[in-house]
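In what follows, every chain begins at residue 1, and chains take the letters A, B, ... in the order their sequences are listed.
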Number of protein chains: 2
Amino acid sequence: MTKKQRLTGPQRRAQLLEVGRELFASRGYEATSIEEVAAQAGVSKPIVYEHFGAKEGLYAAIVEREMDGLVQRMSDAIAQGSARERFEGAVVAFLSYAKEEPAGFAVLTRDSPTSSARRGLTRVIDDLAQRVGDIFQAEFSRAGFNPKVAPVYANALVGMVTQVGVWWAAEGRPLSLEHVAKHVVALGWMGLRHLPSEPAVQGPRPKGRHKG
Amino acid sequence: MTKKQRLTGPQRRAQLLEVGRELFASRGYEATSIEEVAAQAGVSKPIVYEHFGAKEGLYAAIVEREMDGLVQRMSDAIAQGSARERFEGAVVAFLSYAKEEPAGFAVLTRDSPTSSARRGLTRVIDDLAQRVGDIFQAEFSRAGFNPKVAPVYANALVGMVTQVGVWWAAEGRPLSLEHVAKHVVALGWMGLRHLPSEPAVQGPRPKGRHKG
DNA sequence: CGGGTAGCCTACTTGCCGGTAACTTACGAT
DNA sequence: ATCGTAAGTTACCGGCAAGTAGGCTACCCG
């Protein structure tokens, strides 16, 4: 068998990130023990602590890395083209990530450890929705729609793609990526193109609203 | 002060379900201890075990009850009316549930305990998507679309509504239910009415049907 | 009043897991 | 070769939470 190999710091760190990702993906945060991570890496517990300080440190490092990867893909995808092309690009990028990085996708999709709640929105997907929401907000204002409903669409689209991604991955990807993307894009795009006008469009007369 | 009141079995059981739901909703499964549940109910640990056997038993009972409640609302909502009305009804029913049963909604939205995976799809929402998918499947076949893509739409719609619900609840429901529902329905309905035809359609069915 | 039973409690055991202290070993540079 | 350092180890602590054994008490019913 492979000799008990000594790795350099960065190498070991990278390996632990890899192993941790796989474990967190399959078992979830709570059900994964540091000992397990260490064992799977052929190393002992304190090594993990040496690199990441605490369990949450390891988890945070993994999530951050995956988040960066996903955001990178999405950013590239919406860098240019018509609005429709960018939308389609975003969907394809998201599904590609789900396909090519199943473990990372699983980690991002699962619940976070309870303590790391920031600002009340705990799940990572919510973060993504927030970013999309910011983009939409500007876009909506520009187009004369009520920007307050932008988050509704942002969350709707993110949730749509996410859930489809989860199903698609869990089901062993029964359809091709292009196939799935096509339908999702169609569903989302049509809705966006037919935004209903509403009483509360920002016209000259802001109407008195009832309860929130 | 309230006397150390002795409750009957069913009463205590109901109370524990209530307390447990609240706790699981706010802390999540792992972070909630049976002792906490017992304390909050003004009772000691073994009582909980007497009623539910194990922690998972309590959790399962709570989830099942909430799931039933949600399904009940949805079923009522889609019992009659045009397709569009039923769709709208389903969305409204879902959001109403999120609004009126925030704790239950939180429980259903969170991750389940790792061990209770059934059929590979662990999350409760996936169950819902499955049911919707079955309905769509039949509907798609009838309308001449490829039924294999039905789950895509089912998951997309369920994910859409779910994520919007999560956001809406987490944000303290900044918009009215009707307002949110209107936009979500618009987004979903438009997409459904313009299903893209595709190479793999079964049968000579060229064009999307019209209906009022 | 006197039992029986249903509801409830105290007081454990057990095992796991996050985290740490203190020691050991490989290895390259001088 | 040897010394310094980075890499890795064993062996422990402390705490918490799941689950249980066995005893107590209120209340109903005759």
Between [X] ([atom1]) and [N] ([atom2]), how many Å, whole number?
X: Gln11(A); N: dA26(C); atom1: CD; atom2: P; result: 18 Å
X: Leu7(A); N: dG8(D); atom1: CG; atom2: C1'; result: 11 Å
X: Gln15(A); N: dG8(D); atom1: CD; atom2: P; result: 9 Å
X: Glu30(B); N: dG18(C); atom1: CD; atom2: P; result: 11 Å
X: Lys55(B); N: dT20(D); atom1: NZ; atom2: P; result: 15 Å
X: Glu50(A); N: dG8(D); atom1: CD; atom2: P; result: 8 Å
X: Leu58(B); N: dA17(D); atom1: CG; atom2: P; result: 16 Å
X: Lys45(A); N: dA22(C); atom1: NZ; atom2: C1'; result: 15 Å

If you count the non-hydrogen atoms of other residues, nucleotides and ligands that lie under 6.0 Å from CD in Glu64(A), is the total more than 12?
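Open: at most 12 neighbouring heavy atoms sit under 6.0 Å from CD of Glu64(A).
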
Are Arg12(A) and Glu50(A) ion-paired here, with the side-chain N under 4.0 Å from a carboxylate O?
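Judged by the 4.0 Å cut-off on N to carboxylate O distance, Arg12(A) and Glu50(A) do not form a salt bridge.
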
Where the side chain of [X] is defined as all heavy atoms beyond and including C-beta, which of [options] is the nearest nucleotide?
X: Tyr49(A); options: dG19(D), dG18(C), dC8(C); result: dG18(C)
X: Thr8(A); options: dA7(D), dC8(C), dT10(C); result: dA7(D)
X: Arg6(B); options: dA6(C), dT9(D), dG18(C); result: dA6(C)
X: Ile47(A); options: dG19(D), dG8(D), dC8(C); result: dG8(D)
X: Pro46(A); options: dG18(C), dG19(D), dT9(D); result: dT9(D)
X: Val43(B); options: dG18(C), dC9(C), dT9(D); result: dC9(C)

If we ignore hydrogens and angles and just use 3.5 Å, is the side chain of [X] paired with the main-chain N or O of [Y] as donor and acceptor?
X: Gln15(A); Y: Ala41(A); result: yes
X: Trp167(A); Y: Val152(B); result: no
X: Lys55(A); Y: Tyr29(A); result: yes

For Ala106(A), check side chain to side chain contact (heavy atoms under 4.5 Å, CB included) against everything at least two apart and list the hits.
Ala25(A)

Expected output is a numbered-order residue list: members of residues 33-41 of chain A with a heavy atom under 4.0 Å from any atom of DNA chain C. What is it?
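Result for residues 33-41 of chain A: Ser33(A), Ile34(A), sorted by number.
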
